[in-house]
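Indexing begins at 1, ligand by ligand and atom by atom, following the structure's order. Index from 1, following the sequence. On a predicted model such as this, the values are computed, not experimentally measured, just so you know.
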Amino acid sequence: MKSMILGISASPQKGGKVETLVQEVLSASRLPSELVRLHDISVGPCKACNGCWSNNKCVIKDDWKTLRKKILDARALVIGSWAFSGMIDSATKALMERFWSFRHHHLLTQGRVGAVVVAGSNTELAGKLGDSLLQFMQNYGIKALGRITAAGANPCLGCKDSLNDCEYSAVVAQYGLLERIGTALYNPIENQLHALKNARVLGQRLGHKVNHLMARGVSAEAV
Ligand SMILES: Cc1cc2nc3c(=O)[nH]c(=O)nc-3n(C[C@H](O)[C@H](O)[C@H](O)COP(=O)(O)O)c2cc1C
């Protein structure tokens, strides 16, 4: 059976915060779903060759062809991303670039519904990145219903020098001088009840919307 809701996680961490929240959205939608991990496949950046102009098909030989079909078969799309170096991670960025092939003379993604998940140790940044992903969806004709953000772990947390001995410690930059690092500082996703609840509600809204569109017999393109 084709997936009616497709989750795409750009996190390299299986079972990490991004993937957990994307999965939560998928499950709550109660639609047939599939989760694709960008780090399990190969989808590189756009090469600006314009090989897609004539038929909306990218000519780069990687796993885009398979992912493209999954995106176009689905009625709803959930993109899960994470903050890296103050920006969106590169796997998400490559995915966004490859969407370019959808929009010559047609807008092939038009009429789908969507949602976004972003994790980052800086939650304000995660919110901004989430907003730009929502805008990206809107630009591709996808009705974006909302975004979920989660607090990520500070990238220096695992390093033994992060408390004091490293001049460039992102732990000191974020928290100041700490005596020790407890597990709570990693912001485990099971402690982020607000994000989990928001993911469930967003998933339910996505499922509800898709079911109503289908009941009205509205094709993806016509929404
Ligand atoms: C190498 C690296 C760089 C990161 N850079 C940032 C950053 O610039 N800003 C930020 O808010 N979080 C940053 N983070 C934190 C991640 O966004 C956060 O841990 C997120 O939860 C990762 O998603 P995951 O839990 O699904 O793996 C970084 C993490 C790593 C590993």
Side-chain angles (χ1 to χ4, degrees), residues 5-29 33-45 67 77-97 114-137 146-163 165-176 178 180-203 206:
I5 183 166
L6 179 69
I8 302 178
S9 168
S11 171
Q13 212 190 144
K14 286 187 181 166
K17 289 162 183 140
V18 170
E19 190 177 310
T20 302
L21 289 172
V22 171
Q23 192 59 67
E24 199 69 30
V25 176
L26 300 186
S27 308
S29 76
S33 68
E34 181 179 355
L35 176 77
V36 172
R37 295 184 189 93
L38 288 177
H39 282 269
D40 284 352
I41 60 176
S42 171
V43 173
L67 183 57
L77 181 65
V78 185
I79 298 179
S81 309
W82 56 294
F84 192 145
S85 291
M87 306 175 192
I88 203 75
D89 65 273
S90 60
T92 299
K93 189 61 176 46
L95 173 77
M96 292 164 80
E97 291 181 8
V116 165
V117 168
V118 182
S121 55
N122 176 342
T123 45
E124 198 184 327
L125 173 64
K128 285 183 183 157
L129 297 175
D131 287 341
S132 56
L133 272 170
L134 291 179
Q135 184 60 56
F136 164 79
M137 284 190 166
R147 63 159 164 85
I148 308 295
T149 55
N154 184 298
C156 288
L157 274 179
C159 172
K160 66 177 176 42
D161 296 328
S162 66
L163 286 182
D165 292 344
C166 173
E167 181 183 349
Y168 306 105
S169 168
V171 170
V172 177
Q174 185 171 6
Y175 302 104
L178 300 173
R180 58 180 197 89
I181 290 170
T183 49
L185 218 61
Y186 285 83
N187 295 315
I189 194 63
E190 57 272 21
N191 291 359
Q192 299 191 50
L193 301 183
H194 196 60
L196 288 164
K197 183 182 166 213
N198 286 344
R200 272 194 297 278
V201 172
L202 190 51
L206 280 170

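Within the 3.5 Å criterion, the main-chain N or O of S162 finds a donor-acceptor partner in the side chain of S169. Remark: the backbone N or O of A170 is paired with a side-chain donor or acceptor of N154 at under 3.5 angstrom. Checking side-chain atoms of E19 against main-chain N and O of S11 turns up no donor-acceptor pair under 3.5 Å. When atom types are taken as modelled, the side chain of W82 and the backbone of A10 share a donor-acceptor pair closer than 3.5 angstrom. Using a distance-only test at 3.5 Å, with no hydrogens or angles considered, no donor-acceptor pair links the side chain of N187 to the main chain of A153.
Around CD of E124, the count of heavy atoms belonging to other residues, nucleotides or ligands within 6.0 Å does not exceed 12.
Using a 4.0 Å heavy-atom criterion, the residues that approach ligand 1 are S11, Q13, G16, K17, V18, W82, A83, F84, S85, G86, A119, G120, S121, N122, L125, G152, A153, P155.
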